[in-house]
Every structure is written in C-alpha cells, then in structure tokens.
Amino acid sequence: MQIEFDDLVFENKPREPKEFAEIALKIRTDIIKSLFLAKSGHSGGPLGITDVMTVLYFGGFMRYNPKEPNWKGRDRFVLSAGHLCPVLYSVLARAGYFPVEELKTLRKYGSRLQGHPGIDMNLPGLEASTGSLGQGISIAVGMALSDKYLDKNDRKVFTLTGDGEIQEGSVWEAAMSAGNFKLDNLCVIVDNNDCQIDGRVHEVMSVYPIDKKFEAFNFEVINIDGHNYTEIVEALNKFNQNFQNNIGKPTAIIAKTFMGKGVSFMEDKYEWHGIPPNEEQAIKALQELV
Amino acid sequence: MFGYELLGKKPTRHGFGKGLVELGEKYDNVVVLGGDITGSVMTSFFKERFPERFFSIGVAEQNATTIAVGLALSGKIAFFSSYSAFAAFRNADQLRISVCYNNVNVKIGGGHSGITVGPDGATHQSLEELSFLRTLPNMTLIVPCDYEEARKATIAIGEMFGPAYIRFGRSAVPMFTKEDTPFEIGKAQVLVDGNEVAIIAAGLLVWEALIAAEELRKRKGIKARVINSATIKPIDIKTITDAAIECGCIVTAEEHQVHGGLGGAVAEVVTKNFPVPIEFVGVKDSFGGSGEPEELMEKFGLTWKEIYASALKAIERRDKGFIGYRKISQVESYFDNL
Ligand SMILES: Cc1ncc(C[n+]2csc(CCOP(=O)(O)OP(=O)(O)O)c2C)c(N)n1
C-alpha cells in the first residue's frame with residue numbers, strides 16, 4: 001500500500017465540536033499511517049488520547065508558536081507517557097512545527113521521530129525526552145515551579161500520563177510536590193483507558209480511585225469523558241480559570257478513554273497497546289477513519 | 001565454524017522464560033514478580049504454569065525489587081523481571097541496599113537489553129547497567145550468549161545463593177551452544193583455542209567473535225582464541241590472565257558501553273596481573289537511537305568487522321612493543337580514545 005500524507009495544518013483557536021472531530025480524524029489517520037510504515041510501535045494509547053490532544057493543541061488552550069518553537073512565552077507540554085508519541089508527533093506536524101511528510105520516518109534510523117521522544121534529535125515543539133514512565137510528570141512540576149516562583153511569568157505546563165504509568169511511585173511524589181507547591185499553573189491529564197500491557201489496569205495493579213488520590217494531594221480534580229469535546233473544552237477552561245484565579249492548587253483532568261478509539265477492532269483492547277497495524281489492518285482502519 | 005554451527009535463531013529472553021519454568025518445577029519456593037511486561041520478558045510462561053506463585057506488581061520497579069527482598073527474607077527465591085532499562089536503574093538504590101546489602105535470594109531478569117531492542121530507541125536501550133551492577137558487593141552478573149545458555153544460566157542463578165542479575169535481549173539471535181556445552185557461573189569458556197590474540201566476548205557478541213576468529217584465520221592465518229565470558233561478575237581471573245600471558249593482546253566485545261562493563265572487568269584483571277594491549281569493542285560513550293537491530297549493530301560498531309579490525313590493531317600494538325617497554329615519546333600514537 002502506498003502511503004501519502006497531505007500537508008494540511010490547523011490553527012490553534014476556539015472551535016466547535018464538529019471541527020475538533022475533523023481534526024481528530026486526521027490525527028488518527030496519521031497515527032495509523034506512520035505506525036504502519038514504522039512496522040512497530042504503540043497504536044492503542046495514541047488513538048485513545050487523540051481527542052484530548054486535539055482540543056489541547058487546536059482549541060486555543062495552549063499558547064505556542066510553531067514558527068518560533070523556543071518562544072519564551074509559550075506554554076509547555078510534557079508527554080510523561082512517552083510511548084504515546086505517535087499522537088504527539090502528528091499533532092506537532094499538524095500544528096506546523098515540521099513537515100507532515102516527516103511522519104513517514106517514525107522509528108527509523110536517524111529520524112527526529114524516535115520510538116520514544118528524544119530531544120537529542122532537536123524535533124521542534126518537543127519539550128523533553130521521555131519514555132521511562134513516571135518521570136515526565138516530575139519534569140512538568142519542575143517547569144511549573146520555575147515559571148511560578150523563579151521566572152514569575154504567566155506560562156502554563158501540561159503533562160499527560162497513562163493510568164498504568166501512575167503505578168510508578170514517583171508519580172505520587174510528583175503529585176505531592178505539585179500540591180505542596182500550590183502549582184496552579186500545572187495541569188496533569190490522566191489517560192484513563194484501564195488498559196496496560198499485561199491487561200486491565202484494575203487487574204494488573206489497581207490504581208483506583210484515581211480522582212480521590214489526586215484530591216488527597218490537594219489537586220482540583222475534574223473527571224471527564226475523554227471523547228466528548230464539550231467536556232474536554234470545559235475541563236481545560238476550568239483549568240484556565242483555576243490558573244487565572246490563583247487557586248493555589250494544581251489541576252488533574254481524569255479523562256475516561258478507550259484504547260484504540262476510532263478503529264473498531266482496536267477499541268478497548270489492551271492487546272493493541274504496543275503493536276502497529278499490518279497492511280490489511282491498516283487498510284481496514286483507514287477505511288473506518290473517514 | 002570451529003565446531004559451532006548456527007542452530008537457528010531465538011531470543012535469549014525465551015531461554016530465560018523456559019529456565020524459570022524448569023526452576024519452578026524443581027523448587028516450590030521459586031516465586032516470580034511481574035512488572036507489566038510479562039509477555040515481553042517471558043515470565044508469562046511461569047505465570048501460566050504457576051499462577052499461585054506469580055504476583056503482578058504493575059509498572060513499579062522499585063516496589064517490585066523491594067517486595068522481592070521481603071519474599072527472600074521469608075525463605076523464597078524471588079525473581080523480578082522487566083526491561084534492563086528499568087530493572088537495573090529505576091531500582092538502583094533498592095538493588096544496592098535492600099538486595100545486595102541484605103545479601104538475599106533476589107534474582108533480576110533484565111530484558112530487552114542493549115541496542116538490539118531496536119526501534120523503541122535510546123530510552124529503552126540499556127547500555128550502561130553492567131558498569132553499575134558490577135560494582136555492587138554480593139552481586140552475581142551473567143550475560144548469556146544464546147537461548148540455551150540463557151536457559152542454563154537462569155537455572156544456575158536460581159540454584160546459587162545470593163543476589164544475581166541475568167541480562168537478555170529482545171530480538172532473535174544465533175543459537176550455537178547445546179545442552180552439553182559447559183556452563184558454570186564464574187567460569188569463562190574457551191570456545192576456540194589460539195594464541196595470537198584473545199577475543200573475550202559476552203552476549204550476542206560471542207557469535208560475532210566466532211565469525212571474526214574465522215575471518216582472521218581465513219584472511220590472515222591468525223589463530224585467535226575466543227572466550228565466552230558469560231559471567232561478568234565474579235569475573236574469571238584465571239582464564240583471562242592465561243589469555244593475556246599466552247596471547248599477549250586482547251579484544252573485548254560486548255553490547256554495552258565500552259566503559260565499565262566486560263571490557264572494564266577484563267582491563268582490571270589484565271592491568272593487575274599481566275598488562276598487555278586491549279582493544280574494546282562496544283558502544284563508545286553515546287546513547288542509542290531508533291532503527292532495526294541489525295542496522296544498529298552496524299551503525300554502532302558491534303559486529304565481527306570491528307572485532308576483526310580491533311584484533312589486528314591489538315596484535316600490531318603488541319608487536320610494536322607495548323607501553324611498558326618503550327619511552328612515552330615512542331608510544332604517543334598508541335593513545336587514542338576507547
Ligand atoms: C519505568 C518504565 N517501566 C516500564 C516501561 C514499559 N512500559 C511502556 S508502556 C507500559 C504500560 C503503560 O500503561 P499505560 O500508562 O496505561 O499506557 P497505555 O497502555 O494506556 O498506552 C510499560 C509497562 C516503561 N516504559 N518505563
């Protein structure tokens with residue numbers, strides 16, 4: 001199968017759910033195509049968190065400028081669950097950070113699109129190297145700490161963790177410090193698909209209740225359906241308000257999602273955590289994503 | 001090749017999984033802890049066979065390592081396995097204090113090691129853990145060369161007393177040892193006899209060493225000694241010193257940083273007992289990157305070709321006179337980076 005990418009890019013501005021749906025479709029298509037070409041990688045998680053990532057990057061919630069990736073005033077996003085990078089790469093490309101065409105190089109030797117994000121490759125828009133679970137959230141805490149108390153600016157920091165990832169104890173050390181330092185400029189998003197490599201999160205090692213845990217660490221917690229654009233928009237608006245109002249608490253958005261969302265045969269199947277579609281599956285998936 | 005034939009290809013992690021089940025059949029106090037990737041590091045075999053002796057800990061390597069200590073202090077032989085990237089570093093403090101200082105029967109299986117984990121990239125390519133683990137008192141450290149040796153080594157570390165770490169890989173690699181090929185913890189095996197240069201290798205570089213020895217013989221008539229040093233700690237001082245005395249120069253080869261791993265261990269032995277030139281084949285102080293396993297082996301200089309070239313260089317250095325016999329001005333050109 002011949003794979004081509006169009007070079008459509010999207011603006012970052014308030015939008016209607018219908019528009020988000022169109023962009024998300026494009027992102028999911030990119031994920032399938034790039035993973036099919038890579039012949040390895042993670043399908044399920046990236047597809048499941050696509051709706052949240054779409055609203056975050058294309059709904060006017062984050063300030064960034066793809067023409068000036070290192071702009072000092074930008075808000076920052078740290079992908080704590082590094083293995084979800086196919087969705088981040090697509091989003092960054094569609095935001096205009098680098099040519100969409102480059103998605104073809106995912107996981108190849110010398111590519112800026114490493115199997116797990118590596119800033120040693122100088123990919124514009126990428127803020128930190130991640131892939132060892134449970135570290136990105138601490139990096140985000142450090143950034144938020146710097147913004148709020150040292151540089152005293154009005155920048156925000158977002159981070160995304162998986163629900164399997166939060167089994168790492170270091171996640172809760174990060175949460176404790178975020179609460180302790182009253183980091184209202186920090187927004188932690190948890191991709192709650194109840195899937196990880198060995199099976200269901202509640203069976204491998206239950207992390208529930210997730211919301212009460214973050215609450216106990218002094219977070220403002222928002223539970224949402226991670227595929228409902230209105231709810232995602234409201235949650236990110238709420239975080240913005242928390243930030244504007246200086247509530248003195250970090251925000252956690254617990255997004256209930258389905259792994260593999262948008263591709264019927266991948267949906268809610270943990271077996272799709274770490275594999276790419278083969279040709280037949282890619283064709284089928286791309287047919288569904290229209 | 002010197003009596004070693006390619007018997008097919010299989011990942012060493014399968015040898016670990018198989019050995020673990022055999023161990024479980026033999027001893028009912030063998031328990032296994034999972035770190036979410038049981039199907040990758042093949043503890044899934046044990047989980048299926050002995051579900052009551054398997055505990056899923058989730059993505060929590062520090063906790064798993066230390067829970068294993070509690071189990072060991074309760075009379076169990078406790079295995080925990082995850083990727084080397086997370087089973088040797090994330091839990092480093094736990095390994096040092098709780099495992100090694102307590103000196104208990106905790107056995108770590110470090111999977112998906114080295115550059116050959118491939119497209120996952122640098123974060124998942126552990127190339128440093130041997131250096132760290134080698135410095136831990138009480139630790140035994142094994143890097144098997146193929147499927148069969150991984151199986152034997154897994155059983156052997158289960159049967160010995162104390163902390164141990166076995167390192168294995170993701171991709172299918174040549175199988176060439178058999179059930180009756182000797183394996184003993186602490187004993188390096190001389191696979192090929194020769195006295196012109198000694199190639200000391202571990203892991204999947206042992207097969208590359210055999211190829212290099214064959215090429216040295218065919219192209220240059222050089223008789224290389226090939227040594228499989230599957231045990232990195234305790235290193236086999238006798239076999240290595242003999243190689244230094246009898247061959248006069250050495251090449252080490254490993255899928256690891258050249259600093260501090262097998263090469264470092266060999267250098268310590270040789271420098272103390274009988275200094276001869278050593279060339280180091282391995283990753284040269286850089287992180288890895290995405291790519292296909294074989295492509296990466298080429299790019300990072302981990303094939304028989306580098307071993308071959310290093311052997312010639314080591315021989316030349318020996319023949320021109322090693323540093324000990326010359327004035328500094330004469331040997332300056334021999335100094336280069338590892
Ligand atoms: C410290 C660490 N341990 C183990 C791994 C291997 N690993 C990668 S993803 C993953 C499962 C994560 O589950 P989750 O966060 O729920 O992600 P999802 O399955 O939803 O994509 C594991 C164990 C890792 N990357 N880092």
Side-chain angles (χ1 to χ4, degrees), chain A residues 35 37-42 79 81-83 85 105-121 128-136 161-173 195-207 270-271 273-276, chain B residues 33-41 43-44 47-48 54-67 81-94 112 115 117-126 170-171 286-300:
Chain A
L35 282 166
L37 290 172
K39 296 194 174 64
S40 71
H42 302 81
L79 184 63
H83 65 285
C85 59
T105 68
L106 175 67
R107 292 181 153 251
K108 302 262 195 291
Y109 182 76
S111 170
R112 298 197 288 182
L113 313 187
Q114 290 287 297
H116 291 79
I119 53 172
D120 56 334
M121 306 306 283
S129 301
T130 52
S132 177
L133 295 172
Q135 300 193 20
T161 85
D163 52 1
E165 176 177 11
I166 64 176
Q167 291 162 346
E168 287 286 357
S170 59
V171 167
W172 302 105
E173 295 177 20
C195 287
Q196 61 186 113
I197 299 177
D198 273 0
R200 296 269 160 204
V201 171
H202 73 267
E203 282 167 6
V204 173
M205 176 55 67
S206 178
V207 293
Y270 64 83
E271 294 83 352
H273 162 92
I275 52 170
Chain B
L33 303 179
D36 189 29
I37 41 183
T38 57
S40 305
V41 294
T43 44
S44 50
K47 174 162 93 175
E48 267 162 45
F54 176 89
F55 298 95
S56 169
I57 308 298
V59 198
E61 296 80 9
Q62 304 177 49
N63 193 29
T65 303
T66 334
I67 287 177
S81 182
S82 179
Y83 301 154
S84 281
F86 315 121
F89 293 113
R90 191 49 160 274
N91 53 352
D93 184 11
Q94 283 80 1
H112 284 41
I115 202 97
V117 65
D120 271 342
T123 55
H124 284 52
Q125 292 160 345
S126 66
R170 169 177 176 268
S171 54
S286 78
F287 280 103
S290 290
E292 291 308 313
E294 282 179 13
E295 181 183 26
L296 294 171
M297 293 288 282
E298 294 276 343
K299 302 277 188 197
F300 284 84

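Residue numbers begin at 1 in each chain, while the letters A, B, ... track the order of the sequences. Atoms considered below: every heavy atom in the structure, side chains included; atoms not considered: hydrogens, waters and symmetry mates.
- For A/H83, no part lies under 4.5 angstrom from a heavy atom of chain B.
- With sequence neighbours left out, the salt bridge (Lys or Arg N to Asp or Glu O under 4.0 Å) criterion links A/E271 to no other residue.
- Contact annotation for A/S129: neither backbone nor side-chain heavy atoms come within less than 4.5 Å of a heavy atom of chain B.
- Other residues, nucleotides and ligands contribute over 12 non-hydrogen atoms within 6.0 Å of the CZ atom of B/F89.
- Rounding to the nearest 0.5 Å places OG of B/S290 at 3.5 Å from CD of A/Q114.
- Put simply, of B/G289, B/G118, B/P119, B/A122, the one with the most heavy-atom pairs under 4.5 Å next to chain A is B/P119.
- Considering all non-hydrogen atoms of both residues, B/R90 and A/L133 come closest at NH2-O, 2.6 Å.
- Among residues 161-171 of chain A, the residues having any heavy atom closer than 4.5 Å to a heavy atom of chain B are, in sequence order, A/G164, A/Q167, A/E168, A/S170.
- Only the side chain of B/T123 comes within less than 4.5 Å of a heavy atom of chain A; its backbone N, CA, C and O stay farther away.
- Under the 3.5 Å distance criterion, the side-chain polar atoms of A/D198 are matched with a main-chain donor or acceptor of B/T38.
- Annotation: residues 56-64 of chain B contacts chain A through B/S56, B/I57, B/G58, B/V59, B/A60, B/E61 [non-hydrogen atoms, separation under 4.5 Å].
- Using a 30° and 60° split on the angle between ring planes, B/H124 and A/H116 fall in the parallel class, below 30°.
- Heavy atoms closer than 4.5 Å to chain B are found in both the backbone and the side chain of A/S132.
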Criterion side-chain contact (heavy atoms from CB on, under 4.5 Å) on A/K108 and B/E295, from CA distance to verdict: CA-CA 10 Å; A/K108 302 262 195 291; B/E295 181 183 26; over 6 Å; no

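- Qualifying salt bridge (Lys or Arg N to Asp or Glu O under 4.0 Å) partners for A/E173, counting only residues two or more places apart in sequence or in other chains: none.
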